[in-house]
A.B. asks: 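Sending over a structure as structure tokens; questions will come in a sec.
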Amino acid sequence: MINMRAKVDKPRETALKILYDINEKGAYSNISLNKYLNNPELESIDRAFITDIVYGTLKWKYTIDYLIEKFSSIKIKKLSPWILNILRMGIYQLNYTDRIPVSAACNESVKLAVKYGHTASSKYVNAVLRNIARSKDNLPYPDRSKDTAYYLSIRYSHPVWMVKDWLDRFGEEFTEGLLKSNNDVAPFTVRVNDLKISKQELLDILEKDGFEVENGKYLDEALIISNPSAVQKMEAFAKGYFQVQDESSILVGKVLDPKPGETILDVCSAPGGKSTHIAQIMKNRGTVISRDIHEHKIKLIEQAKERLGLEIIKTEVYDAAVTDNKLEGKIDRVLVDAPCTGFGIIR
């Protein structure tokens, strides 16, 4: 029997709140995660668990939602957002982790459903999760022979439009390999701010603080950290010695190849990783116009540029879909990152 009055698991409840922020309020996953993890009551093991649940649930969201539709008597659009996200978390724990017992995944989800729903909600959550757990080795994926794109979309949790595009471009074998690779855990990478510190100096600081560090795979300014817990609380981060940024994202600035003194337009720039890298490549000489449609996201760019000491970035709230005749003939290069690569599923 499940004790309906039992206290909910704090890490799981924290993960639920983060997923609610992301899925219902449009929050950036990394920003929301950092906000909630900045809680002194959480142990390092709790932070790691929360991070895994949040990113894992986001990564497998297409597949998870498909399974909910298959095993639920209620359509997703009729579920409360809290119950839906509790289900998503529970299915992630059941299907995509090896170390969490079925009983824990189900029981802790039921406790959350009691707190964020009602008794009927908790019974519903328990029934759906138990049914999925019993079918774990024989899940009802789409028929590959009838619709390859849809099968691959659900099997590897990618938007079907994207899978169709890749099938047309690359063929079935390469596309499936690409989808599999996207679901691997990406290494935690930081970009050295060489306007403030050399790569070797930063590497020495990180290793002195107990971090395991190696060079990036492709770029001189990239460092991979194997044990990145609390790296953004370091004094070196506050001083602007580095920026957390995936190496694939750092490559974008290299491809753009901006030159000192140029005027660059980044039309969808928040939270600022690429804009700050562009300014860094330009040696802080010239102009980088960083735009976003939301004021609160512009503030993230402002915070990053101040921390990194990049004076040439000028932020503006602007809709990239609206023509701006004032800039005609004044821009040397334009970066358009749309749709945003923050799907939560793309490495």
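Counting from 1, the numbers follow the sequence of the chain as shown. A quick note: this is a predicted structure, and the numbers were derived from the prediction, not measured.
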A.B. asks: Examine distances only and state if a side-chain atom of Asp337 and a backbone atom of Ser269 form a donor-acceptor pair shorter than 3.5 Å.
C.D. replies: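 Flag not set: sc Asp337 to bb Ser269 has no pair under 3.5 Å.
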A.B. asks: With a 4.0 Å cut-off on N to O distance, would you call Lys299 and Glu295 a salt bridge?
C.D. replies: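 Salt bridge flag = no for Glu295 with Lys299.
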A.B. asks: Do Leu167 and Tyr141 sit in the same hydrophobic cluster, where Ile, Leu, Val, Met, Phe, Trp and Tyr count as joined when their side-chain heavy atoms come under 4.5 Å apart?
C.D. replies: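 They do share one cluster, since a chain of ILVMFWY contacts under 4.5 Å joins Leu167 to Tyr141.
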A.B. asks: Between Lys115 and Glu13, is there a side-chain N and carboxylate O pair less than 4.0 Å apart?
C.D. replies: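 Yes.
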A.B. asks: Which pair of heavy atoms, one from Pro260 and one from Lys283, lies closest together, and at what distance?
C.D. replies: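 Minimum heavy-atom separation between Pro260 and Lys283: CG-CG, 4.3 Å.
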A.B. asks: Under 4.0 Å between a Lys/Arg side-chain N and an Asp/Glu carboxylate O for Arg99 and Asp52?
C.D. replies: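 Yes, Arg99 and Asp52 are salt-bridged.
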A.B. asks: Can you list the residues that meet the ring pair (Phe, Tyr, Trp, His ring centres under 6.0 Å) rule with Tyr116, with sequence neighbours excluded?
C.D. replies: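 Only Trp82 meet the ring pair (Phe, Tyr, Trp, His ring centres under 6.0 Å) criterion with Tyr116.
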A.B. asks: Against Met89, only a single residue in Thr57, Leu94, Ile64 fulfils side chain to side chain contact (heavy atoms under 4.5 Å, CB included); can you say which?
C.D. replies: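 Of Thr57, Leu94, Ile64, side chain to side chain contact (heavy atoms under 4.5 Å, CB included) with Met89 is met by Thr57 alone.
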A.B. asks: Before you tell me yes or no, could you show the steps for Lys254 and Glu221 under salt bridge (Lys or Arg N to Asp or Glu O under 4.0 Å), namely the whole-Å CA-CA distance, both residues' side-chain angles and the distance that decides it to 0.1 Å?
C.D. replies: CA-CA 11 Å; Lys254 292 293 191 179; Glu221 58 265 63; 3.2 Å; yes
A.B. asks: Kindly indicate whether the side chain of Asn39, heavy atoms from C-beta on, has any atom under 4.5 Å from the side chain of Leu42.
C.D. replies: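 Result yes, sub-4.5 Å side-chain heavy-atom pair found.
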A.B. asks: Under 4.0 Å between a side-chain nitrogen and a carboxylate oxygen: does that hold for Lys164 and Asp168?
C.D. replies: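 The answer is no: the pair does not qualify as a salt bridge.
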A.B. asks: Any idea how Phe242 and Phe237 line up, ring-wise: parallel (<30°), tilted (30 to 60°), or perpendicular (>60°)?
C.D. replies: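 Tilted: the ring planes of Phe242 and Phe237 meet at 30° to 60°.
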